[in-house]
There are 2 protein chains.
Amino acid sequence: MNRVFKALADPTRRQVLQLLRRGPMSAGELAAHFPVSKPTMSAHFAILREANLVDATRDGKSIIYRLKLSVLEDALLAFSGAVGLNIASDSPSPTKEPSHD
Amino acid sequence: MNRVFKALADPTRRQVLQLLRRGPMSAGELAAHFPVSKPTMSAHFAILREANLVDATRDGKSIIYRLKLSVLEDALLAFSGAVGLNIASDSPSPTKEPSHD
DNA sequence: TCGATATTTCGCTAATTGTCTATTCATGAA
DNA sequence: TTCATGAATAGACAATTAGCGAAATATCGA
């Protein structure tokens, strides 16, 4: 979970995830969207992989990245719940009076 | 939004938010829950304040911190949406085929 | 095998972050 | 005003991070 939040702390990495929403994309294609060098992007990809937020598979000369939404969802939901934020489902956001301690 | 994610990137700060879920707490009381010095905690509080995740008000000699869930909710929801994660409400998670670019 | 292409790894630097102790500031009480 | 207390600021330090160019690795096609 800490790795997920660390990964999310960088705007470039969050944008990579957004780009990946549209579908799988190669490292080079992804990198082309950002004004930084490819080695720098490669390091960002590694951090996303370590957080388990993306999946990387080789396809010929390219490496294709895919978004792994479930891990992101789990982390966001778990933290939201821990903090009392009832973001999910259809319950009536109990922003006050947490019942347990 | 970047400040929110940066603030969330540190486990101590996330725990502070969780502690604050139970209700307002003073800086000292909060600090007592962690194994780091009070100045260090003060720096964490400053980052949470800058991210607008907490509200600080003085009460006599103490400074009382309060959780501002709305800001957290906005950021989490905005990002979830941007990445195609349909965490909120009761819509049928359109994890595929984003219609706009 | 050779050359081109895609990506990562390897040093390296600069900036940022988390931590500390010591000090300062603000408040309330004597 | 002086003292004690709760909290923030200042300054220093080590560790981490984002960034680079150069080199290494992997794959494909000729």
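By convention in this document, chain letters (A, B, ...) are assigned in the order of the sequence lines, proteins followed by strands, and residues within each chain are numbered from 1.
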message: Let me confirm one number: the CG-CG distance from A:Leu48 to A:Leu8, rounded to the nearest 0.5 Å.
response: 8.5 Å
task: Pick base, sugar-phosphate or nothing for A:Leu30, based on heavy-atom distances below 4.0 Å to the nucleic acid.
output: nothing
field: Any B:Ser62 side-chain N or O less than 4.0 Å from OP1/OP2 of C:dT27
entry: no
- prompt: Between B:Pro39 and B:Ala43, who's closer to the 5' end of DNA chain C by nearest nucleotide?
  reply: B:Ala43
- prompt: So, is B:Ser42 close to the D:dA7 phosphate, meaning a side-chain N or O under 4.0 Å from OP1 or OP2?
  reply: no
N or O in side chain of A:Thr40 less than 4.0 angstrom from D:dC20 OP1/OP2: yes
message: Let me spell it out: for each of A:Gly28 and A:Lys6, pick the nucleotide of DNA chain C with the closest heavy atom. Which residue's pick is nearer the 5' end?
response: A:Gly28
query: Hey, what's the ring geometry for B:Phe5 with B:Phe79, parallel, tilted or perpendicular (30° and 60° as the breaks)?
result: perpendicular
- prompt: Reckon A:Arg49 has a side-chain N or O less than 4.0 Å from the OP1 or OP2 of C:dT8?
  reply: yes
message: By the 4.0 Å heavy-atom rule, please label B:Phe34 as base, sugar-phosphate, or nothing.
response: nothing
field: Any A:Ser37 side-chain N or O less than 4.0 Å from OP1/OP2 of D:dG19
entry: no
task: Would you classify A:Thr12 as touching base, sugar-phosphate or nothing, given that sugar-phosphate means primed atoms plus P, OP1 and OP2, and contacts are heavy atoms under 4.0 Å?
output: nothing
statement: Contacts of B:Ala46 and B:Arg58 projected onto DNA chain D by closest heavy atom; the upstream (5') one is B:Arg58
field: OP1 or OP2 of C:dT17 under 4.0 Å from side-chain N/O of B:His44
entry: no
Cluster link B:Leu30 to B:Ile64, ILVMFWY, side chain under 4.5 Å: no
- request: Name the nucleic acid region contacted by A:Lys61, choosing base, sugar-phosphate or nothing; use a 4.0 angstrom heavy-atom cut-off, strictly under.
  value: base
